[in-house]
Each structure stands twice: as structure tokens, then as C-alpha cells.
There are 2 protein chains.
Amino acid sequence: MGEAKDPIPSPTDAELAILRVLWRRGPSTVREVHEALSTRRPTGYTTALKLMQIMAEKGLVLRDEARRTHVYHPRISAEAVERGLVRDLLDRVFDGAADRLVLRALGAGRVTRDEAAKIRALLDEIEGGDAS
Amino acid sequence: MGEAKDPIPSPTDAELAILRVLWRRGPSTVREVHEALSTRRPTGYTTALKLMQIMAEKGLVLRDEARRTHVYHPRISAEAVERGLVRDLLDRVFDGAADRLVLRALGAGRVTRDEAAKIRALLDEIEGGDAS
DNA sequence: TCTTTTTTACGAAAGGCTTCGTAGATTTCT
DNA sequence: AGAAATCTACGAAGCCTTTCGTAAAAAAGA
């Protein structure tokens, strides 16, 4: 029997911030991530380092140790993480009712005409392919 | 100058669960809340009590001490809390782009024809009233 | 009355997240 | 070579959240 690889956990807040940098920049060093984060919120270098080490343990990132300065790669897609977080919120506060979440989302960030059009198109797509 | 009353903080997970009971049942005692929660997840009575005491301190609920058995009232609306949580998620993971959140929401919980219709109506409403 | 139950108050432990300081190794610069 | 900078590893503190145990007061029941 192979070892049971547990599912990758959802990132914490700080971890998510780091993943976002990796998704945007691509594989990066601790220094690069730290600098990207520091522009928004000053923080210690070793803080980023420690977090990224933890993330490697958790399987959120992959660490390339070929050179002395390690390079970190995201190991889960933005889409997967977004899906997980949205499902969480959906379950925790909206009883899984997607339309109630959408209602609030449309209320919270004001929606441009463009965005509305995109959403309509998406609805068409869903209903078109759905036989229920 | 009046004392500066700080804004009510967003509820934690356990606090949210309690608020949801209060929203559904209306003003309730610790016992009632505890029983409502215990059906889903067994937990100690004093756990609910402690949480509700903390929530009263934070201003999330109001405590009526007229009788020995205190009665707790929600002090923020479901709508306000939902708005806050959605905005959080929006900022933290979607750069404030509501349509990206909606996209994921529509993907996460599968959407019924009914829900789709509601969302369309909502979009109509927004675009109708919006002069941008 | 005396016992049992209900209720509040309080303290504190356990776990998770974030942050940082320090140490040691390696590389780079002068 | 010697000094300075860079990098990883590690431990631990501080904070927050959740959970529960214990104690004391009040009410209800026998």
C-alpha cells in the first residue's frame, strides 16, 4: 500500500498572501516574495522564510533546493484555492445557497456593466449545458 | 465629545454559528442556543456560555439580565455580517473583483434554474438603477 | 428543610497562526 | 585572507480562539 497523501489544506491568511505573489510572479525566492509583500506591509525577512518553510511542509508549495537560494513554486492553483475558500464561506454562512452569496457579492463590490455582462454570459453557459 | 464606540468586529467561526441561531430563533437563552448547536456538533454548555459572554463584551449581542436566566439578542444583522465577510474574501483573494467571486460561487455550489433566474433579475435591477 | 438542578462567573489549558531573534553556513566583496 | 552580506534552520514568544473544569449563587423539587 502506498502512503496516504493527505489533501492539501487551505492556506491561512499569511500563506494566501504568499501564494498570490507566487501566482503573479511565478517561482520565486524568499527574498523576492518578501520584497513583494513588504511594499504593502513591512515585515521581517525571516517571517516570510518561516512561513514558506511551513508551506513546503504542508504541500502548499514546492521547494527547489538545487541552488543555495531555494526557489519556491506554488503547488496548488489559484482556482483550486479560490474554490475551496468560496465553498467554505458558502457552507459557513449561506447554507450552501450560491445565489445568496452572489447577491452579497454584487452588493459589496459595485458591479460594472462589463462585469454584469460577463456574469450573464456565464449563466447562459451554465443553463445551456445543464439538462436539469 | 462622546466616547468613541469602536465598530463591531466580525464574528469568529464559533461566534457566527451562535449568531445564526439567534437570527433564526430570535432572542434566546444560553440553554436554547446550546441545544440548537448540539444537534450538529456536541459541545459543552459552558462553551456556549463563555462565547456568548465574550460576544456581549464585543458588542455582537446584547444581554438582557432582567431575569436570572439571561436572554441574548443579536446586535448586528445577518446582512451586515454577510456583507463584511464577503468583502473580506473579496479583498483577500479576488482584488475586489466581484465578478471573479461570482464566477467561483457559481462553480462551487451548482446553481439551480431558480437561482439563475434570481441572479438575472438582480442584475437587471442593478443595471436599471445604475446610471454609470 | 435539605438536596438536586440550573445558571453565571472565572480561570486556564490546548492548539493554531504570526512574528521575530539568534545561530551557523555559505557566498560575495574589499 | 578577512570582513560583510546573504541565506537557511530553529526555537520560542505573543496573540487569538475554542474548549472545558470548578466554584458559587439562585431556584426548584422532594
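It should be emphasised that the depicted structure is a prediction, and the values quoted were computed from it without experimental measurement. Labels below follow one simple rule: chain letters A, B, ... track the order of the sequence lines, proteins then strands, and each chain is numbered from 1.
- Across all strands, A:Arg67 comes closer than 4.0 Å to no nucleic acid atom at all (heavy-atom distances).
- A salt bridge does not link B:Asp114 to B:Lys118: none of the charged nitrogens lies less than 4.0 Å from a carboxylate oxygen.
- When each of B:Gly44 and B:Lys58 is assigned the nucleotide of DNA chain D bearing its nearest heavy atom, the one mapping closer to the 5' terminus is B:Lys58.
- Using a 4.0 Å heavy-atom distance criterion, B:Thr43 is classed as a sugar-phosphate-only contact.
- Between A:Gln53 and the phosphate of D:dA9, there is a side-chain N or O to OP1/OP2 separation shorter than 4.0 Å.
- Residue-level contact check: A:Thr12 touches the backbone only, with heavy atoms under 4.0 Å from sugar-phosphate atoms and none from bases.
- Between the CG atom of A:Leu60 and the P atom of C:dC17 there is a distance of 11 Å, given to the nearest Å.
- Summary of the strand contacts: A:Asp13 and B:Leu49 both lie near DNA chain C, and taking for each the nucleotide with the nearest heavy atom, the more 5' one is attributed to B:Leu49.
- No more than 12 heavy atoms of other residues, nucleotides or ligands sit less than 6.0 Å from atom CZ of A:Arg75.
- Here A:Thr47 reaches the OP1 or OP2 of C:dC20: one of its side-chain N or O atoms lies under 4.0 Å away.
- Taking 4.0 angstrom as the limit, A:Tyr45 places a side-chain polar atom (N or O) nearer than this to OP1 or OP2 of D:dT8.
- For the pair B:Leu51 CG and C:dC10 C1', the computed distance is 15 Å after rounding to whole Å.
- Ionic pairing of B:Asp99 and B:Arg104 is not present here: no N-O contact between side-chain nitrogen and carboxylate oxygen is shorter than 4.0 angstrom.
- Rounded to whole Å, the distance from CD on B:Glu57 to P on C:dT8 is 15 Å.
- We find that CE of A:Met55 is positioned 10 Å from P of C:dT18, with the value rounded to whole Å.
- At a threshold of 4.0 Å, the pair A:Glu115-B:Arg100 does not count as salt-bridged, since none of the basic side-chain nitrogens sits closer than that to a carboxylate oxygen.
- Contact check on B:Asp95 versus A:Arg24 returns no salt bridge, with no Lys/Arg side-chain nitrogen under 4.0 Å from an Asp/Glu carboxylate oxygen.
- Not a single donor-acceptor contact under 3.5 angstrom links the side-chain atoms of A:Arg68 to the base of C:dT27.
- A straight line from CZ of A:Arg92 to C1' of D:dT17 spans 14 Å, rounded to a whole angstrom.
- Scored by the side chain to side chain contact (heavy atoms under 4.5 Å, CB included) test, B:Ser77 finds B:Glu79, B:Ala80 as partners (sequence neighbours excluded).
- Among D:dA9, D:dT19, C:dT7, the nucleotide with an atom closest to any side-chain atom of B:Arg41 is D:dT19.
- The residue A:Thr69 sits close only to the backbone: its heavy atoms come under 4.0 Å of sugar-phosphate atoms, none of a base.
- Residue A:Leu37 contributes atom CG, which lies 12 Å from atom P of C:dC20 at whole-angstrom precision.
- Atom P of nucleotide C:dA9 and atom CD1 of B:Ile54 are separated by 13 Å, given to the nearest angstrom.
- Closest approach to the A:Lys50 side chain among D:dT19, D:dC10, D:dT18 is made by D:dC10 (side chain taken as heavy atoms from C-beta onward).
- Atom NE2 in B:His70 sits about 15 Å away from atom P in D:dA25, given to the nearest Å.
- Of the candidate nucleotides C:dA9, D:dT18, D:dA9, C:dA9 has the atom lying nearest to any side-chain atom of B:Thr46.
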